[in-house]
There are 2 protein chains.
Amino acid sequence: MLPKKTKYAIKALTALAVVYFDKKPLRISQIAETEKIPRKFLEAILLELKNQGFVGSKMGATGGYYLAKHPEEIMLSHIIRSTGGPIALLPCVSLNYYEKCNECKDEITCGLRDVVLEVREASLKILSKTSLTDVILREKRLLRKNMK
Amino acid sequence: MLPKKTKYAIKALTALAVVYFDKKPLRISQIAETEKIPRKFLEAILLELKNQGFVGSKMGATGGYYLAKHPEEIMLSHIIRSTGGPIALLPCVSLNYYEKCNECKDEITCGLRDVVLEVREASLKILSKTSLTDVILREKRLLRKNMK
DNA sequence: CAAATATACTACTAATTTAGTAGGAATTAA
DNA sequence: TTAATTCCTACTAAATTAGTAGTATATTTG
Ligand code: FES
Ligand code: FES
(Lines give C-alpha, C1' and ligand atoms only; values in the text may rest on other atoms or scores of the structure.)
(Ligands and ions follow the chains in the order given, each with its own letter.)
Protein backbone atom coordinates (compact mmCIF):
# COMPACT_ATOMS: atom_id res chain seq x y z
CA MET A 1 0.00 0.00 0.00
CA LEU A 2 1.17 3.48 -0.76
CA PRO A 3 1.64 5.72 2.26
CA LYS A 4 -0.70 8.69 2.62
CA LYS A 5 2.28 10.92 2.03
CA THR A 6 2.62 9.54 -1.48
CA LYS A 7 -1.06 9.82 -2.20
CA TYR A 8 -1.08 13.41 -0.97
CA ALA A 9 1.99 14.19 -3.08
CA ILE A 10 0.37 12.85 -6.22
CA LYS A 11 -2.85 14.72 -5.50
CA ALA A 12 -1.01 17.98 -4.82
CA LEU A 13 1.18 17.69 -7.90
CA THR A 14 -1.84 16.90 -10.02
CA ALA A 15 -3.54 20.03 -8.71
CA LEU A 16 -0.45 22.02 -9.67
CA ALA A 17 -0.41 20.34 -13.08
CA VAL A 18 -3.96 21.49 -13.77
CA VAL A 19 -2.95 25.14 -13.47
CA TYR A 20 0.52 24.68 -14.95
CA PHE A 21 -0.04 27.07 -17.84
CA ASP A 22 -1.39 29.87 -15.66
CA LYS A 23 2.17 30.60 -14.58
CA LYS A 24 0.93 31.62 -11.15
CA PRO A 25 1.82 29.81 -7.94
CA LEU A 26 -0.79 28.00 -5.87
CA ARG A 27 -0.91 28.52 -2.12
CA ILE A 28 -0.46 25.52 0.21
CA SER A 29 -3.70 26.35 1.98
CA GLN A 30 -5.54 26.38 -1.32
CA ILE A 31 -4.28 22.94 -2.31
CA ALA A 32 -4.89 21.60 1.19
CA GLU A 33 -8.47 22.75 1.07
CA THR A 34 -9.48 21.49 -2.35
CA GLU A 35 -7.64 18.19 -1.97
CA LYS A 36 -8.56 17.71 1.68
CA ILE A 37 -4.99 17.24 2.82
CA PRO A 38 -3.95 18.25 6.38
CA ARG A 39 -2.39 21.69 5.98
CA LYS A 40 0.83 21.23 7.94
CA PHE A 41 1.49 17.79 6.56
CA LEU A 42 1.13 19.08 3.03
CA GLU A 43 3.56 21.86 3.88
CA ALA A 44 6.19 19.30 4.78
CA ILE A 45 5.47 17.20 1.71
CA LEU A 46 5.73 20.13 -0.70
CA LEU A 47 8.99 21.20 0.86
CA GLU A 48 10.39 17.77 0.24
CA LEU A 49 9.09 17.76 -3.32
CA LYS A 50 10.82 21.07 -3.81
CA ASN A 51 14.14 19.74 -2.57
CA GLN A 52 13.76 16.90 -5.03
CA GLY A 53 13.15 19.22 -7.93
CA PHE A 54 9.51 18.47 -8.64
CA VAL A 55 8.21 21.90 -7.73
CA GLY A 56 9.41 25.45 -7.26
CA SER A 57 8.19 27.96 -4.78
CA LYS A 58 7.80 31.63 -4.21
CA MET A 59 7.95 33.03 -0.69
CA GLY A 60 6.02 35.88 0.82
CA ALA A 61 2.63 37.32 0.01
CA THR A 62 1.25 36.11 -3.34
CA GLY A 63 3.67 33.22 -2.93
CA GLY A 64 3.03 29.55 -3.38
CA TYR A 65 4.10 26.47 -5.30
CA TYR A 66 4.30 25.63 -8.97
CA LEU A 67 5.51 22.66 -11.00
CA ALA A 68 9.18 22.86 -11.85
CA LYS A 69 8.82 20.57 -14.85
CA HIS A 70 6.30 20.02 -17.58
CA PRO A 71 3.50 17.77 -16.25
CA GLU A 72 4.20 15.27 -19.01
CA GLU A 73 7.68 14.74 -17.61
CA ILE A 74 6.58 13.89 -14.09
CA MET A 75 5.80 10.18 -13.88
CA LEU A 76 3.95 8.49 -11.05
CA SER A 77 6.87 6.14 -10.54
CA HIS A 78 9.11 9.11 -9.74
CA ILE A 79 6.70 10.51 -7.20
CA ILE A 80 6.19 7.15 -5.52
CA ARG A 81 9.88 6.52 -5.24
CA SER A 82 10.63 10.00 -3.93
CA THR A 83 7.97 10.00 -1.26
CA GLY A 84 6.98 6.52 -0.37
CA GLY A 85 9.61 4.06 -1.09
CA PRO A 86 9.82 0.99 -3.20
CA ILE A 87 7.36 -0.21 -5.78
CA ALA A 88 8.67 -3.74 -5.49
CA LEU A 89 7.09 -6.32 -3.21
CA LEU A 90 10.41 -7.40 -1.73
CA PRO A 91 13.66 -5.53 -1.06
CA CYS A 92 15.66 -8.03 -3.07
CA VAL A 93 14.00 -6.89 -6.31
CA SER A 94 13.84 -3.20 -5.53
CA LEU A 95 15.90 -0.98 -7.78
CA ASN A 96 16.06 1.92 -5.37
CA TYR A 97 15.77 0.28 -1.98
CA TYR A 98 17.70 -2.90 -2.59
CA GLU A 99 18.51 -5.08 0.34
CA LYS A 100 19.74 -8.64 0.37
CA CYS A 101 17.37 -11.41 1.43
CA ASN A 102 19.48 -13.00 4.09
CA GLU A 103 17.10 -15.91 4.50
CA CYS A 104 17.43 -17.08 0.91
CA LYS A 105 20.45 -19.17 0.03
CA ASP A 106 20.87 -17.74 -3.42
CA GLU A 107 19.17 -14.74 -4.94
CA ILE A 108 19.86 -15.76 -8.49
CA THR A 109 18.00 -19.05 -8.18
CA CYS A 110 15.21 -17.98 -5.83
CA GLY A 111 11.82 -18.90 -7.28
CA LEU A 112 9.92 -16.37 -5.21
CA ARG A 113 12.23 -13.58 -6.25
CA ASP A 114 11.65 -14.55 -9.86
CA VAL A 115 7.90 -14.08 -9.51
CA VAL A 116 8.18 -10.88 -7.57
CA LEU A 117 10.55 -9.53 -10.19
CA GLU A 118 7.91 -10.11 -12.82
CA VAL A 119 5.32 -8.27 -10.73
CA ARG A 120 7.59 -5.30 -10.30
CA GLU A 121 8.20 -5.18 -14.03
CA ALA A 122 4.47 -5.18 -14.74
CA SER A 123 3.73 -2.45 -12.18
CA LEU A 124 6.61 -0.29 -13.28
CA LYS A 125 5.56 -0.59 -16.89
CA ILE A 126 2.36 1.24 -16.03
CA LEU A 127 3.65 3.64 -13.39
CA SER A 128 6.65 4.80 -15.36
CA LYS A 129 4.53 5.57 -18.39
CA THR A 130 1.83 7.50 -16.58
CA SER A 131 2.50 11.21 -16.18
CA LEU A 132 0.54 13.86 -14.34
CA THR A 133 -0.94 14.85 -17.69
CA ASP A 134 -2.13 11.27 -18.14
CA VAL A 135 -3.79 11.29 -14.73
CA ILE A 136 -5.69 14.43 -15.64
CA LEU A 137 -6.64 12.94 -19.00
CA ARG A 138 -7.91 9.79 -17.35
CA GLU A 139 -10.01 11.91 -15.02
CA LYS A 140 -11.54 13.78 -17.95
CA ARG A 141 -12.28 10.59 -19.80
CA LEU A 142 -13.96 9.06 -16.77
CA LEU A 143 -16.04 12.20 -16.31
CA ARG A 144 -17.31 12.05 -19.89
CA LYS A 145 -18.08 8.36 -19.61
CA ASN A 146 -19.97 8.94 -16.39
CA MET A 147 -21.95 11.89 -17.77
CA LYS A 148 -23.55 9.97 -20.63
CA MET B 1 6.39 -4.23 0.33
CA LEU B 2 5.26 -7.57 1.59
CA PRO B 3 5.58 -8.07 5.33
CA LYS B 4 8.09 -10.63 6.53
CA LYS B 5 5.21 -12.69 7.76
CA THR B 6 4.02 -13.15 4.19
CA LYS B 7 7.47 -13.95 2.90
CA TYR B 8 7.94 -16.51 5.67
CA ALA B 9 4.56 -18.02 4.92
CA ILE B 10 5.38 -18.45 1.25
CA LYS B 11 8.77 -19.93 2.06
CA ALA B 12 7.31 -22.35 4.58
CA LEU B 13 4.49 -23.44 2.30
CA THR B 14 6.93 -23.94 -0.53
CA ALA B 15 9.04 -26.14 1.72
CA LEU B 16 5.93 -28.18 2.52
CA ALA B 17 5.06 -28.33 -1.17
CA VAL B 18 8.42 -29.88 -1.99
CA VAL B 19 7.71 -32.88 0.24
CA TYR B 20 3.98 -32.99 -0.48
CA PHE B 21 4.01 -36.51 -1.91
CA ASP B 22 5.95 -37.99 1.00
CA LYS B 23 2.75 -37.91 3.05
CA LYS B 24 4.78 -37.23 6.16
CA PRO B 25 4.52 -34.06 8.23
CA LEU B 26 7.41 -31.63 8.55
CA ARG B 27 8.37 -30.26 11.95
CA ILE B 28 8.28 -26.51 12.60
CA SER B 29 11.86 -26.57 13.81
CA GLN B 30 12.95 -28.29 10.63
CA ILE B 31 11.32 -25.68 8.41
CA ALA B 32 12.58 -22.87 10.61
CA GLU B 33 16.12 -24.14 10.29
CA THR B 34 16.31 -24.73 6.56
CA GLU B 35 14.41 -21.54 5.68
CA LYS B 36 16.07 -19.44 8.36
CA ILE B 37 12.80 -18.27 9.89
CA PRO B 38 12.62 -17.43 13.62
CA ARG B 39 11.19 -20.53 15.24
CA LYS B 40 8.49 -18.96 17.41
CA PHE B 41 7.35 -16.60 14.72
CA LEU B 42 6.98 -19.44 12.27
CA GLU B 43 4.97 -21.33 14.85
CA ALA B 44 2.45 -18.51 14.96
CA ILE B 45 2.36 -18.20 11.19
CA LEU B 46 1.76 -21.88 10.58
CA LEU B 47 -1.00 -21.91 13.15
CA GLU B 48 -2.72 -19.12 11.28
CA LEU B 49 -2.23 -20.88 7.97
CA LYS B 50 -3.82 -23.92 9.51
CA ASN B 51 -6.87 -21.99 10.65
CA GLN B 52 -7.20 -20.69 7.11
CA GLY B 53 -7.10 -24.15 5.62
CA PHE B 54 -3.74 -24.02 3.86
CA VAL B 55 -2.11 -26.67 6.01
CA GLY B 56 -3.00 -29.48 8.35
CA SER B 57 -1.10 -30.59 11.40
CA LYS B 58 -0.42 -33.55 13.55
CA MET B 59 0.27 -33.05 17.23
CA GLY B 60 2.65 -34.87 19.50
CA ALA B 61 5.88 -36.67 18.81
CA THR B 62 6.45 -37.34 15.10
CA GLY B 63 3.99 -34.53 14.53
CA GLY B 64 4.31 -31.57 12.22
CA TYR B 65 2.69 -29.75 9.35
CA TYR B 66 1.64 -30.76 5.85
CA LEU B 67 -0.13 -29.05 2.98
CA ALA B 68 -3.90 -29.43 3.16
CA LYS B 69 -4.31 -28.86 -0.56
CA HIS B 70 -2.47 -29.82 -3.70
CA PRO B 71 0.40 -27.38 -4.27
CA GLU B 72 -1.01 -26.47 -7.65
CA GLU B 73 -4.11 -25.14 -5.97
CA ILE B 74 -2.34 -22.77 -3.62
CA MET B 75 -1.74 -19.47 -5.36
CA LEU B 76 0.61 -16.73 -4.14
CA SER B 77 -2.27 -14.26 -4.21
CA HIS B 78 -4.12 -16.39 -1.64
CA ILE B 79 -1.16 -16.52 0.68
CA ILE B 80 -0.47 -12.81 0.41
CA ARG B 81 -4.04 -11.92 1.13
CA SER B 82 -4.29 -14.29 4.06
CA THR B 83 -1.14 -13.17 5.77
CA GLY B 84 -0.15 -9.76 4.63
CA GLY B 85 -3.01 -7.79 3.46
CA PRO B 86 -3.88 -6.10 0.22
CA ILE B 87 -2.07 -6.41 -3.07
CA ALA B 88 -3.49 -3.07 -4.23
CA LEU B 89 -1.59 0.17 -3.85
CA LEU B 90 -4.57 2.02 -2.39
CA PRO B 91 -7.46 0.87 -0.22
CA CYS B 92 -10.00 2.23 -2.69
CA VAL B 93 -9.02 -0.42 -5.26
CA SER B 94 -8.51 -3.30 -2.88
CA LEU B 95 -10.89 -6.20 -3.29
CA ASN B 96 -10.37 -7.60 0.17
CA TYR B 97 -9.42 -4.57 2.21
CA TYR B 98 -11.60 -1.96 0.60
CA GLU B 99 -11.86 1.42 2.25
CA LYS B 100 -13.26 4.61 0.83
CA CYS B 101 -10.87 7.42 -0.12
CA ASN B 102 -12.43 10.20 1.84
CA GLU B 103 -10.19 12.83 0.28
CA CYS B 104 -11.37 12.17 -3.24
CA LYS B 105 -14.64 13.71 -4.31
CA ASP B 106 -15.70 10.85 -6.51
CA GLU B 107 -14.17 7.41 -6.73
CA ILE B 108 -15.69 6.65 -10.10
CA THR B 109 -14.01 9.57 -11.81
CA CYS B 110 -10.72 9.61 -9.90
CA GLY B 111 -7.78 9.54 -12.30
CA LEU B 112 -5.33 8.20 -9.75
CA ARG B 113 -7.66 5.40 -8.81
CA ASP B 114 -7.94 4.49 -12.47
CA VAL B 115 -4.17 4.02 -12.77
CA VAL B 116 -3.85 2.16 -9.51
CA LEU B 117 -6.65 -0.14 -10.59
CA GLU B 118 -4.68 -1.05 -13.67
CA VAL B 119 -1.59 -1.79 -11.59
CA ARG B 120 -3.56 -4.05 -9.30
CA GLU B 121 -4.96 -5.94 -12.28
CA ALA B 122 -1.47 -6.46 -13.70
CA SER B 123 -0.05 -7.69 -10.39
CA LEU B 124 -2.97 -9.94 -9.67
CA LYS B 125 -2.75 -11.47 -13.11
CA ILE B 126 0.66 -12.83 -12.21
CA LEU B 127 0.13 -13.61 -8.53
CA SER B 128 -3.18 -15.40 -9.00
CA LYS B 129 -1.72 -17.65 -11.68
CA THR B 130 1.40 -18.61 -9.81
CA SER B 131 1.04 -21.65 -7.55
CA LEU B 132 3.50 -23.22 -5.14
CA THR B 133 4.26 -25.75 -7.85
CA ASP B 134 5.14 -22.90 -10.18
CA VAL B 135 7.49 -21.38 -7.63
CA ILE B 136 9.32 -24.69 -7.34
CA LEU B 137 9.43 -25.03 -11.12
CA ARG B 138 10.87 -21.54 -11.48
CA GLU B 139 13.53 -22.41 -8.96
CA LYS B 140 14.48 -25.55 -10.87
CA ARG B 141 14.63 -23.66 -14.15
CA LEU B 142 16.84 -20.98 -12.64
CA LEU B 143 19.15 -23.63 -11.22
CA ARG B 144 19.57 -25.28 -14.62
CA LYS B 145 20.17 -21.96 -16.30
CA ASN B 146 22.78 -21.06 -13.71
CA MET B 147 24.56 -24.41 -13.95
CA LYS B 148 25.37 -24.19 -17.64
C1' DC C 1 9.00 51.20 6.70
C1' DA C 2 5.35 48.33 8.68
C1' DA C 3 1.82 45.02 8.41
C1' DA C 4 0.05 41.12 6.29
C1' DT C 5 0.78 36.94 4.08
C1' DA C 6 3.47 33.42 2.42
C1' DT C 7 7.01 29.61 2.58
C1' DA C 8 11.32 27.44 5.26
C1' DC C 9 12.89 24.89 8.80
C1' DT C 10 13.57 22.40 13.23
C1' DA C 11 11.92 19.59 16.49
C1' DC C 12 8.68 17.11 18.53
C1' DT C 13 4.54 13.56 19.40
C1' DA C 14 0.98 10.11 19.12
C1' DA C 15 -0.93 6.15 16.98
C1' DT C 16 -0.34 2.15 14.41
C1' DT C 17 1.92 -1.68 12.56
C1' DT C 18 5.43 -5.09 12.42
C1' DA C 19 8.22 -8.51 14.11
C1' DG C 20 8.78 -10.89 17.14
C1' DT C 21 9.07 -13.60 22.44
C1' DA C 22 7.63 -16.13 26.77
C1' DG C 23 5.56 -19.70 28.87
C1' DG C 24 2.60 -23.16 29.64
C1' DA C 25 -1.41 -26.46 28.11
C1' DA C 26 -2.73 -30.23 25.21
C1' DT C 27 -1.61 -34.20 22.38
C1' DT C 28 0.72 -38.25 20.69
C1' DA C 29 4.37 -42.01 20.02
C1' DA C 30 7.37 -44.99 21.96
C1' DT D 1 5.53 -42.15 31.80
C1' DT D 2 8.50 -39.38 29.28
C1' DA D 3 10.00 -36.99 25.37
C1' DA D 4 8.68 -34.51 21.56
C1' DT D 5 5.66 -31.89 19.36
C1' DT D 6 1.77 -28.57 18.23
C1' DC D 7 -1.74 -25.19 20.44
C1' DC D 8 -2.82 -21.04 22.57
C1' DT D 9 -2.77 -16.66 25.23
C1' DA D 10 -0.56 -12.80 26.34
C1' DC D 11 2.93 -9.85 26.11
C1' DT D 12 6.90 -6.57 24.28
C1' DA D 13 10.13 -3.86 21.61
C1' DA D 14 11.29 -1.50 17.52
C1' DA D 15 10.11 0.81 13.52
C1' DT D 16 7.11 3.37 10.69
C1' DT D 17 3.48 6.52 9.69
C1' DA D 18 0.93 10.46 10.11
C1' DG D 19 0.91 14.07 11.69
C1' DT D 20 1.63 19.04 14.92
C1' DA D 21 3.88 23.20 17.10
C1' DG D 22 6.40 27.03 16.82
C1' DT D 23 9.46 30.15 14.91
C1' DA D 24 12.41 32.17 11.25
C1' DT D 25 12.60 34.14 6.79
C1' DA D 26 11.08 36.27 2.59
C1' DT D 27 7.87 39.18 -0.26
C1' DT D 28 4.15 42.30 -1.49
C1' DT D 29 1.35 46.16 -0.68
C1' DG D 30 -0.16 50.40 1.49
S1 FES E 1 16.10 -13.80 -2.68
FE2 FES E 1 14.56 -12.42 -2.10
S3 FES E 1 12.93 -13.77 -1.83
FE4 FES E 1 14.52 -15.13 -2.21
S1 FES F 1 -10.67 7.52 -5.02
FE2 FES F 1 -8.97 6.49 -4.20
S3 FES F 1 -7.37 7.73 -4.95
FE4 FES F 1 -9.09 8.83 -5.60
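First the proteins, then the strands, lettered A, B, ... as listed; each starts at 1. Hydrogens, waters and symmetry mates are skipped; everything else that's a heavy atom, side chains included, is used.
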(request) Let me know the distance between NZ of A:K36 and P of D:dA18, rounded to the nearest Å. (result) 19 Å
(request) Could you check if a side-chain atom of A:E48 sits within less than 4.5 angstrom of a side-chain atom of A:F54, using non-hydrogen atoms only? (result) no
(message) Quick test of your reading of the model: are A:E33 and A:R39 salt-bridged, counting only N-O distances below 4.0 Å?
(response) no
(request) Send over the distance from B:N51 CG to D:dC7 P, rounded to a whole Å. (result) 8 Å
(message) Please report the distance, rounded to the nearest Å, between CZ in B:F41 and P in D:dA14.
(response) 16 Å
(request) Salt-bridge test for B:R113 and B:E118: reply yes if a basic N is under 4.0 Å from a carboxylate O, no otherwise. (result) no
(request) With a 4.0 angstrom cut-off to heavy atoms of chain B, pull out the first and last contacting nucleotide of DNA chain C, in 5'-to-3' order. (result) C:dA19 to C:dA29
(message) Expressed as a whole number of angstroms, how long is the span from B:Q30:CD to D:dA4:P?
(response) 14 Å
(message) Assigning hydrophobic clusters by single linkage (Ile, Leu, Val, Met, Phe, Trp, Tyr; side-chain heavy-atom cutoff under 4.5 Å), is A:V93 placed with B:Y8?
(response) yes
(request) Using the closest heavy atom to pick a nucleotide of DNA chain C for each, name whichever of B:G84 or B:A44 lands nearer the 5' end. (result) B:G84
(message) Within the 4.5 Å heavy-atom criterion, are B:D22 and B:V19 side-chain neighbours or not?
(response) yes
(message) Can you measure B:I31 atom CD1 to D:dT5 atom P for me and round it to whole angstrom units?
(response) 12 Å
(message) Rounded to the nearest 0.5 Å, what separates atom CD1 in A:I37 from atom CD in B:E103?
(response) 7.5 Å
(message) Counting C-beta onward and ignoring hydrogens, is there a side-chain heavy-atom pair between A:L137 and A:R141 closer than 4.5 Å?
(response) yes
(message) Under 4.0 Å, counting only non-hydrogen atoms across every strand here, what does A:I28 touch: a base, just sugar-phosphate, or nothing?
(response) sugar-phosphate
(message) Check this for me: does any side-chain nitrogen of one of B:K125 and B:E121 sit under 4.0 Å from a carboxylate oxygen of the other?
(response) no
(request) Please determine which of B:L26, B:I45, B:L13 meets the side chain to side chain contact (heavy atoms under 4.5 Å, CB included) test together with B:I31. (result) B:L26
(request) Would you kindly give the CG-to-P distance between B:L16 and D:dT6, to the nearest whole Å? (result) 11 Å
(request) May I have the distance from B:L42 (atom CG) to D:dC8 (atom C1'), rounded to whole angstrom? (result) 16 Å
(request) Report, as a single string ordered 5' to 3', how protein heavy atoms within less than 4.0 Å touch nucleotides 22-30 of chain D: B base, S sugar-phosphate only, - not at all. (result) B--BBBS--
